Amino acid sequence: MNSLTMLYEGRNLISEKPVVVIDIGRAYTKCGFAGESAPRCIIPSEFLCKSTGASKKVFDYETRDQLYQNFVEFGHILFFKYLLVTPKDRKVVIVESLLNPSLERDTLAQVLFSYYELSSVCMVPSHMVSLYTLAVPTALVLDIGYKEAVLIPVVENTPVLHAYQALALAGEAVELNLRKLLESQCKEEEQFYLKAKPLPNSTVEDIKVRGCFVTKLDRAQMIQASVKEPSVSAPTPPPDLPYPLGGDRSITIPGTSRELAYEVLFELDNDLMSIATMILDAILKCPLDTRVSLAENILLIGGTSMALGLKSRLQQELLDLLVTPQYIKKLALKKFCFHNPPAKENYVAWLGGAIMGATNSIVKRSVTREDYSKVPKIPDWADLSFNCNDGVKRG
Ligand SMILES: Nc1ncnc2c1ncn2[C@@H]1O[C@H](COP(=O)(O)OP(=O)(O)OP(=O)(O)O)[C@@H](O)[C@H]1O
Ligand SMILES: [Mg+2]
């Protein structure tokens, strides 16, 4: 190759517009460019509503038109405030949950093609692309984000959809629990104040992230026993935490609230489900020969899985559940192993999308604006007429 050809090749690479990668979560949106190791921004999924002047969540909608408008407004923030690129004729990778309602993915596709005139859109399932960051074909992927904990096992790069599990046990549930604990456990004068003027959601979230932790299983069991049986003494609680609220106002976060906030994720609900039972139930629904490798390849993603102590508690819970009558005769597993992804858990799925966006797969799996103008629909990932191994679109 002579130097002139190399120069032109290089120019081509430079002039090729970088692929945009977006993961719009219920709480936070991760946004950046393919081939990069981290998103350019992680911002709340909300925008300032022009009519009310108040902040509005992207997924706060009643009709399709409202959702369309929300995506348009939020797209402006992403493209023009954070990424600083023109969206026209650009390729985009959207990282989405396989359980997303069709209304949301169809409306997003409509906004991206008709309003922003992107050249192609590739919607990739978050659980599956998260494995690209590890280069393993099989893992049990549990996403504990804001609204829901969603688990989908992936075997040989194929999501095992019938084994999926979803529960409303994630960041929002922990915050609600923490709010209740604070209202009942703070000092009396502070309780009165908290009831009269509830803390803003962002403050509760900050207390949760910086002040709370997931306790060990034996301590949790001792606390539960002491609640049921007053003669049993509870373990010594961790220290209280003074928390400034701005101005001269502050509250003291009781040690017990700090320790108990995350317990809601592990308590069995009315259907005897928790995030630990989700893992065992999903493994039970998978073929026998995949169970050991799934148990030894657990990947936790989503911001809530970054909570201090969550992985080791989940490990203890799983081993403890294995010997209960519910599972002892059905599952012959000995250990559970967790992966350490090469990114913070809250943007592992984004990183998977960014890796995929930098490969040729994006050309094979994208829907172009031309395709979309003929059939205005984004095919499901599970649609074999579109998503076949050789990457050729059929039908
Ligand atoms: N270091 C941390 N420790 C504990 N929780 C955290 C931490 N960082 C973020 N979170 C929590 O993670 C949640 C957001 O996670 P994530 O960004 O994965 O959610 P999302 O993708 O917006 O939601 P969903 O996947 O449900 O649509 C928030 O509730 C946030 O408070
Ligand atoms: Mg998410």
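None of these values were measured; they are calculated from a predicted model. For reference, positions follow the sequence shown, starting with 1. Indexing begins at 1, ligand by ligand and atom by atom, following the structure's order.
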Original post:
Quick one: which ligand 1 atoms are inside 4.0 Å of a heavy atom on G171?
Top reply: 29 (O)
**OP:** Do me a favour and list the nearest non-hydrogen protein atom to atom 18 (O) of ligand 1 with residue, atom name and distance?
**Re:** G303 N, 2.8 Å
Original post:
Are N177 and K208 linked by a side-chain donor-acceptor pair shorter than 3.5 Å?
Top reply: no
Original post:
Short list, please: which atoms of ligand 1 are under 4.0 Å from a heavy atom of G25?
Top reply: 20 (P), 21 (O), 22 (O), 27 (O)
Subject >> Residue pair T203 / D206, side-chain donor-acceptor N/O under 3.5 Å >> reply: no
Original post:
What do you reckon, does K208 have a nitrogen or oxygen under 3.5 Å from a nitrogen or oxygen of ligand 1?
Top reply: yes
Original post:
For atom 23 (O) of ligand 1, which protein heavy atom lies nearest, and how many Å away is it?
Top reply: Y146 N, 3.2 Å
Original post:
Considering residues at least two apart in sequence or located in another chain, which fulfil the side-chain hydrogen bond (donor to acceptor under 3.5 Å, both in side chains) criterion with R40?
Top reply: E36
Original post:
Does D143 use its side chain to pair, donor to acceptor, with the backbone of H127 at less than 3.5 Å?
Top reply: no
Subject >> V209-ligand 1 polar pair, N/O distance under 3.5 Å >> reply: no
**OP:** Could you check atom 30 (C) of ligand 1 against the protein and tell me its nearest heavy-atom contact, residue, atom and distance included?
**Re:** E205 OE2, 3.2 Å
Subject >> Hydrophobic cluster of L245, others only, ordered by chain and residue number, side-chain cut-off 4.5 Å >> reply: L178, L182, L194, L199, V204, I207, L241, Y243, I251, I253
**OP:** Work out whether the distance between some heavy atom of A307 and some atom of ligand 1 is less than 4.0 Å.
**Re:** yes
